[in-house]
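Written out below as C-alpha coordinates is the structure these notes cover.
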2 protein chains.
Amino acid sequence: MDLRRDAFQAIADPTRRAILLLVASQAMTAGAIAANFDTARPTVSKHLQILAECELLKQEQNGREIYYHINAKKMKEVADFIEPFRQMWEERFNKLETIMKTHKTK
Amino acid sequence: MDLRRDAFQAIADPTRRAILLLVASQAMTAGAIAANFDTARPTVSKHLQILAECELLKQEQNGREIYYHINAKKMKEVADFIEPFRQMWEERFNKLETIMKTHKTK
DNA sequence: GTTGTAGTTAATATTGGTGTTAATAAAAAT
DNA sequence: ATTTTTATTAACACCAATATTAACTACAAC
(Lines give C-alpha, C1' and ligand atoms only; values in the text may rest on other atoms or scores of the structure.)
Protein backbone atom coordinates (compact mmCIF):
# COMPACT_ATOMS: atom_id res chain seq x y z
CA MET A 1 0.00 0.00 0.00
CA ASP A 2 1.04 3.61 -0.40
CA LEU A 3 2.81 5.36 2.39
CA ARG A 4 0.88 8.61 2.39
CA ARG A 5 3.24 11.42 3.32
CA ASP A 6 1.71 14.60 1.97
CA ALA A 7 0.43 17.95 3.20
CA PHE A 8 -3.10 16.60 3.64
CA GLN A 9 -1.92 13.81 5.91
CA ALA A 10 0.27 16.30 7.79
CA ILE A 11 -2.52 18.72 8.69
CA ALA A 12 -4.94 15.92 9.60
CA ASP A 13 -3.44 15.84 13.09
CA PRO A 14 -4.53 18.66 15.44
CA THR A 15 -1.17 18.77 17.22
CA ARG A 16 0.61 19.30 13.92
CA ARG A 17 -1.82 22.08 12.98
CA ALA A 18 -1.09 23.75 16.32
CA ILE A 19 2.65 23.43 15.67
CA LEU A 20 2.26 25.05 12.25
CA LEU A 21 0.28 27.98 13.66
CA LEU A 22 2.84 28.34 16.45
CA VAL A 23 5.84 28.34 14.13
CA ALA A 24 4.09 30.59 11.63
CA SER A 25 4.78 33.71 13.71
CA GLN A 26 8.47 32.94 14.20
CA ALA A 27 11.01 30.14 13.79
CA MET A 28 11.52 28.09 16.93
CA THR A 29 13.63 25.23 18.28
CA ALA A 30 12.11 21.80 18.96
CA GLY A 31 12.36 22.34 22.71
CA ALA A 32 10.57 25.68 22.58
CA ILE A 33 7.84 24.15 20.46
CA ALA A 34 7.46 21.14 22.76
CA ALA A 35 7.16 23.47 25.76
CA ASN A 36 3.80 24.57 24.38
CA PHE A 37 2.33 21.08 24.51
CA ASP A 38 1.58 18.42 27.10
CA THR A 39 3.01 15.61 24.99
CA ALA A 40 6.58 14.40 25.53
CA ARG A 41 9.43 15.93 23.55
CA PRO A 42 10.19 12.86 21.39
CA THR A 43 6.55 12.84 20.34
CA VAL A 44 6.78 16.47 19.27
CA SER A 45 10.06 15.63 17.59
CA LYS A 46 8.33 12.97 15.54
CA HIS A 47 5.58 15.38 14.54
CA LEU A 48 8.27 17.84 13.47
CA GLN A 49 9.92 15.10 11.47
CA ILE A 50 6.67 14.37 9.65
CA LEU A 51 6.07 18.08 8.99
CA ALA A 52 9.63 18.43 7.69
CA GLU A 53 9.23 15.33 5.52
CA CYS A 54 6.11 16.89 3.99
CA GLU A 55 8.10 20.11 3.52
CA LEU A 56 5.68 22.17 5.56
CA LEU A 57 8.61 22.95 7.85
CA LYS A 58 12.29 23.56 7.08
CA GLN A 59 15.12 22.76 9.46
CA GLU A 60 18.01 25.17 10.00
CA GLN A 61 20.89 24.01 12.15
CA ASN A 62 22.44 26.77 14.23
CA GLY A 63 25.17 25.38 16.44
CA ARG A 64 23.55 22.74 18.60
CA GLU A 65 20.10 24.15 18.09
CA ILE A 66 17.79 23.37 15.22
CA TYR A 67 15.33 26.02 14.20
CA TYR A 68 12.10 25.08 12.48
CA HIS A 69 10.82 27.53 9.87
CA ILE A 70 7.39 27.56 8.28
CA ASN A 71 7.14 26.85 4.56
CA ALA A 72 3.82 28.53 3.86
CA LYS A 73 4.04 27.99 0.11
CA LYS A 74 3.60 24.24 0.59
CA MET A 75 0.06 24.89 1.84
CA LYS A 76 -0.79 25.80 -1.72
CA GLU A 77 -1.31 22.09 -2.43
CA VAL A 78 -4.19 22.05 0.01
CA ALA A 79 -5.44 25.46 -1.11
CA ASP A 80 -5.54 24.29 -4.71
CA PHE A 81 -7.74 21.35 -3.74
CA ILE A 82 -10.15 23.57 -1.84
CA GLU A 83 -10.31 26.31 -4.49
CA PRO A 84 -13.09 24.76 -6.66
CA PHE A 85 -15.22 24.23 -3.56
CA ARG A 86 -14.62 27.81 -2.45
CA GLN A 87 -15.93 28.96 -5.80
CA MET A 88 -19.03 26.84 -5.21
CA TRP A 89 -19.91 28.32 -1.83
CA GLU A 90 -19.09 31.88 -2.88
CA GLU A 91 -21.20 31.56 -5.98
CA ARG A 92 -24.16 30.70 -3.78
CA PHE A 93 -23.37 33.67 -1.53
CA ASN A 94 -23.23 36.04 -4.49
CA LYS A 95 -26.60 34.80 -5.71
CA LEU A 96 -28.08 35.51 -2.28
CA GLU A 97 -26.50 38.96 -2.25
CA THR A 98 -28.05 39.74 -5.62
CA ILE A 99 -31.47 38.72 -4.37
CA MET A 100 -31.09 40.93 -1.29
CA LYS A 101 -30.06 43.92 -3.40
CA THR A 102 -33.08 43.61 -5.66
CA HIS A 103 -35.25 43.47 -2.55
CA LYS A 104 -33.77 46.70 -1.21
CA THR A 105 -34.21 48.64 -4.43
CA LYS A 106 -37.84 47.65 -4.63
CA MET B 1 -14.64 3.58 18.10
CA ASP B 2 -13.87 6.33 15.66
CA LEU B 3 -12.71 9.42 17.48
CA ARG B 4 -11.26 12.17 15.32
CA ARG B 5 -14.00 12.97 12.82
CA ASP B 6 -13.51 16.36 11.22
CA ALA B 7 -13.03 17.86 7.77
CA PHE B 8 -9.24 17.65 8.05
CA GLN B 9 -9.33 13.94 8.77
CA ALA B 10 -11.86 13.47 6.00
CA ILE B 11 -9.72 15.00 3.25
CA ALA B 12 -6.57 13.24 4.46
CA ASP B 13 -7.55 10.18 2.43
CA PRO B 14 -6.95 10.42 -1.35
CA THR B 15 -9.96 8.25 -2.16
CA ARG B 16 -12.22 10.59 -0.22
CA ARG B 17 -10.73 13.61 -1.98
CA ALA B 18 -11.45 11.93 -5.31
CA ILE B 19 -15.02 11.24 -4.21
CA LEU B 20 -15.51 14.88 -3.27
CA LEU B 21 -14.20 16.10 -6.62
CA LEU B 22 -16.41 13.54 -8.39
CA VAL B 23 -19.59 14.50 -6.54
CA ALA B 24 -18.83 18.21 -6.81
CA SER B 25 -20.04 18.33 -10.39
CA GLN B 26 -23.29 16.49 -9.69
CA ALA B 27 -25.02 14.42 -7.01
CA MET B 28 -24.58 10.66 -7.41
CA THR B 29 -25.67 7.38 -5.84
CA ALA B 30 -23.25 5.21 -3.88
CA GLY B 31 -23.17 2.63 -6.67
CA ALA B 32 -22.34 5.19 -9.34
CA ILE B 33 -19.58 6.60 -7.16
CA ALA B 34 -18.16 3.14 -6.40
CA ALA B 35 -18.09 2.35 -10.12
CA ASN B 36 -15.33 4.95 -10.50
CA PHE B 37 -12.96 3.16 -8.13
CA ASP B 38 -11.20 -0.18 -7.88
CA THR B 39 -12.04 -0.62 -4.20
CA ALA B 40 -15.00 -2.76 -3.12
CA ARG B 41 -18.44 -1.19 -2.71
CA PRO B 42 -18.60 -1.52 1.09
CA THR B 43 -15.30 0.31 1.31
CA VAL B 44 -16.66 3.21 -0.73
CA SER B 45 -19.82 3.06 1.37
CA LYS B 46 -17.76 3.55 4.51
CA HIS B 47 -15.88 6.47 2.97
CA LEU B 48 -19.24 8.03 2.10
CA GLN B 49 -20.38 7.48 5.66
CA ILE B 50 -17.32 9.29 6.99
CA LEU B 51 -17.79 12.16 4.55
CA ALA B 52 -21.46 12.42 5.54
CA GLU B 53 -20.55 12.30 9.23
CA CYS B 54 -18.16 15.20 8.67
CA GLU B 55 -20.94 17.00 6.78
CA LEU B 56 -18.88 17.32 3.64
CA LEU B 57 -21.61 15.30 1.91
CA LYS B 58 -25.37 15.27 2.41
CA GLN B 59 -27.56 12.23 1.86
CA GLU B 60 -30.88 12.46 0.06
CA GLN B 61 -33.03 9.37 -0.05
CA ASN B 62 -34.97 8.93 -3.25
CA GLY B 63 -36.95 5.66 -3.17
CA ARG B 64 -34.37 2.92 -2.68
CA GLU B 65 -31.56 5.09 -3.98
CA ILE B 66 -29.50 7.47 -1.88
CA TYR B 67 -28.01 10.50 -3.60
CA TYR B 68 -24.89 12.11 -2.22
CA HIS B 69 -24.64 15.89 -2.57
CA ILE B 70 -21.58 18.04 -1.97
CA ASN B 71 -21.62 20.51 0.92
CA ALA B 72 -18.95 22.93 -0.26
CA LYS B 73 -19.46 25.37 2.60
CA LYS B 74 -18.03 22.84 5.06
CA MET B 75 -14.65 23.20 3.33
CA LYS B 76 -14.48 26.64 4.89
CA GLU B 77 -13.11 25.06 8.06
CA VAL B 78 -10.04 23.95 6.15
CA ALA B 79 -9.86 27.18 4.19
CA ASP B 80 -9.90 29.21 7.41
CA PHE B 81 -6.91 27.27 8.69
CA ILE B 82 -4.96 27.83 5.51
CA GLU B 83 -5.82 31.53 5.19
CA PRO B 84 -3.02 32.92 7.42
CA PHE B 85 -0.48 30.82 5.50
CA ARG B 86 -1.87 32.04 2.21
CA GLN B 87 -1.29 35.59 3.39
CA MET B 88 2.31 34.65 4.19
CA TRP B 89 3.16 33.29 0.78
CA GLU B 90 1.34 36.07 -1.03
CA GLU B 91 3.06 38.70 1.08
CA ARG B 92 6.39 37.36 -0.07
CA PHE B 93 5.17 37.50 -3.65
CA ASN B 94 4.05 41.11 -3.21
CA LYS B 95 7.44 42.07 -1.80
CA LEU B 96 9.12 40.58 -4.83
CA GLU B 97 6.73 42.45 -7.08
CA THR B 98 7.52 45.71 -5.30
CA ILE B 99 11.25 45.14 -5.77
CA MET B 100 10.76 44.46 -9.47
CA LYS B 101 8.72 47.65 -9.88
CA THR B 102 11.36 49.79 -8.22
CA HIS B 103 13.93 48.24 -10.51
CA LYS B 104 11.89 49.16 -13.57
CA THR B 105 11.38 52.78 -12.52
CA LYS B 106 15.11 53.24 -11.92
C1' DG C 1 -45.04 -13.47 -1.73
C1' DT C 2 -40.80 -14.13 -4.42
C1' DT C 3 -37.04 -12.27 -7.05
C1' DG C 4 -33.63 -8.79 -8.15
C1' DT C 5 -31.18 -4.71 -7.08
C1' DA C 6 -29.23 -0.87 -4.04
C1' DG C 7 -26.98 -0.12 -0.13
C1' DT C 8 -25.39 -0.78 4.51
C1' DT C 9 -23.77 -3.49 8.57
C1' DA C 10 -20.97 -7.20 10.79
C1' DA C 11 -16.93 -9.68 11.57
C1' DT C 12 -12.26 -9.82 10.73
C1' DA C 13 -7.39 -9.00 9.24
C1' DT C 14 -3.85 -5.93 8.51
C1' DT C 15 -1.47 -1.87 8.34
C1' DG C 16 -0.28 2.81 9.91
C1' DG C 17 0.08 6.37 13.32
C1' DT C 18 0.68 8.02 18.13
C1' DG C 19 2.93 8.06 22.24
C1' DT C 20 6.02 6.39 26.01
C1' DT C 21 10.71 5.45 28.07
C1' DA C 22 15.49 4.54 27.29
C1' DA C 23 19.55 5.07 24.62
C1' DT C 24 22.42 7.86 21.57
C1' DA C 25 24.72 12.10 19.33
C1' DA C 26 26.47 16.58 19.30
C1' DA C 27 27.69 21.03 20.85
C1' DA C 28 28.35 24.55 24.60
C1' DA C 29 29.88 25.53 29.34
C1' DT C 30 32.57 24.63 33.26
C1' DA D 1 38.06 16.44 29.59
C1' DT D 2 33.71 16.07 31.96
C1' DT D 3 29.20 17.69 32.58
C1' DT D 4 25.02 19.77 30.99
C1' DT D 5 21.88 20.94 27.58
C1' DT D 6 19.51 20.05 23.26
C1' DA D 7 17.62 17.03 20.19
C1' DT D 8 17.10 12.74 17.63
C1' DT D 9 16.75 7.59 17.12
C1' DA D 10 15.42 2.87 18.93
C1' DA D 11 12.36 -0.39 20.81
C1' DC D 12 8.02 -1.21 22.18
C1' DA D 13 2.90 -1.05 23.18
C1' DC D 14 -1.49 0.51 21.84
C1' DC D 15 -5.18 2.49 19.34
C1' DA D 16 -7.24 4.08 14.95
C1' DA D 17 -8.08 3.51 10.07
C1' DT D 18 -8.50 0.81 5.77
C1' DA D 19 -9.90 -2.96 3.41
C1' DT D 20 -11.98 -7.45 2.46
C1' DT D 21 -15.88 -11.06 2.29
C1' DA D 22 -20.24 -12.42 3.86
C1' DA D 23 -24.63 -11.47 5.75
C1' DC D 24 -28.37 -8.44 6.25
C1' DT D 25 -32.19 -4.70 5.29
C1' DA D 26 -35.16 -2.01 2.23
C1' DC D 27 -37.49 -1.06 -1.84
C1' DA D 28 -39.56 -2.01 -6.38
C1' DA D 29 -41.37 -5.11 -10.04
C1' DC D 30 -43.42 -9.14 -11.35
Side-chain angles (χ1 to χ4, degrees), chain A residues 1-23 26-71 78, chain B residues 1-23 26-71 78:
Chain A
M1 286 295 183
D2 335 75
L3 187 68
R4 286 198 317 277
R5 257 316 131 81
D6 55 23
F8 293 96
Q9 174 67 27
I11 66 167
D13 185 88
T15 302
R16 286 198 286 267
R17 287 200 298 277
I19 289 174
L20 289 170
L21 288 171
L22 189 66
V23 178
Q26 60 172 351
M28 297 170 77
T29 63
I33 294 165
N36 288 273
F37 300 94
D38 292 336
T39 50
R41 250 177 26 210
T43 302
V44 173
S45 178
K46 211 169 184 194
H47 281 307
L48 292 173
Q49 220 177 346
I50 291 171
L51 288 169
E53 208 176 317
C54 299
E55 297 180 341
L56 286 171
L57 289 183
K58 281 179 185 170
Q59 302 176 339
E60 184 203 0
Q61 189 113 17
N62 192 334
R64 69 178 163 184
E65 293 178 328
I66 297 174
Y67 279 86
Y68 286 87
H69 298 259
I70 196 83
N71 182 20
V78 182
Chain B
M1 298 287 187
D2 303 326
L3 233 69
R4 238 172 31 246
R5 264 305 130 84
D6 55 22
F8 293 96
Q9 209 272 325
I11 66 167
D13 185 88
T15 303
R16 285 199 286 268
R17 288 201 297 277
I19 290 173
L20 289 170
L21 289 170
L22 188 66
V23 178
Q26 61 171 351
M28 297 171 76
T29 63
I33 294 166
N36 287 274
F37 298 95
D38 294 334
T39 51
R41 248 177 30 211
T43 303
V44 173
S45 177
K46 208 165 185 197
H47 279 307
L48 291 173
Q49 224 177 345
I50 290 170
L51 288 169
E53 208 177 316
C54 299
E55 297 180 342
L56 286 171
L57 290 183
K58 282 178 185 170
Q59 302 176 340
E60 184 201 2
Q61 189 112 17
N62 193 334
R64 70 177 164 184
E65 294 178 329
I66 296 173
Y67 280 86
Y68 286 87
H69 298 260
I70 196 84
N71 181 21
V78 182

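As the structure is a prediction and not an experimental result, all values here were calculated from the model. Throughout, protein chains are lettered first and strands after them, A, B, ... in sequence-line order, and every chain is numbered starting at 1. Scope of the values below: all heavy atoms of this structure, side chains included, with no hydrogens, waters or symmetry mates.
Checking Y67(B) against Q59(B) by side-chain atom types alone, no donor-acceptor pair falls below 3.5 Å.
Atom CD1 in I11(B) sits roughly 13 Å away from atom P in dT18(D) (whole-Å rounding). One can place CG of D38(B) at 11 Å from P of dA19(D), the figure rounded to the nearest angstrom.
When atom types are taken as modelled, the side chain of R5(B) and the backbone of A10(B) share no donor-acceptor pair closer than 3.5 angstrom.
Checking dT18(C), dA7(D), dT20(D) against every side-chain atom of A40(B), the shortest atom distance belongs to dT20(D). Side chain of T43(B), nearest nucleotide from dT20(D), dG17(C), dG7(C): dT20(D).
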Shorter than 3.5 Å, N or O on both sides, protein versus nucleotides 1-4 of chain C: list them out with atom names.
residue: dG4(C); atom: N2; partner: R64(B); partner atom: NH1; Å: 3.0

Identify the pairs formed between an N or O of the protein and an N or O of nucleotides 8-10 of chain C at a distance under 3.5 Å, and give each distance.
residue: dT8(C); atom: OP1; partner: Y68(B); partner atom: OH; Å: 2.4
residue: dT8(C); atom: OP2; partner: S45(B); partner atom: OG; Å: 2.8
residue: dT8(C); atom: O5'; partner: S45(B); partner atom: OG; Å: 3.4
residue: dT9(C); atom: OP2; partner: Q49(B); partner atom: NE2; Å: 2.8

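You'll find the side chain of L56(B) reaches within 4.5 Å of the side chain of I11(B), heavy atoms only.
Phosphate proximity of dT18(D) to R16(B): present, with a side-chain N or O under 4.0 Å from OP1 or OP2. Residue H47(B) places none of its side-chain N or O atoms closer than 4.0 Å to OP1 or OP2 of dA17(D).
Within 4.0 Å of T15(B), counting heavy atoms only, lies no atom of the nucleic acid at all.
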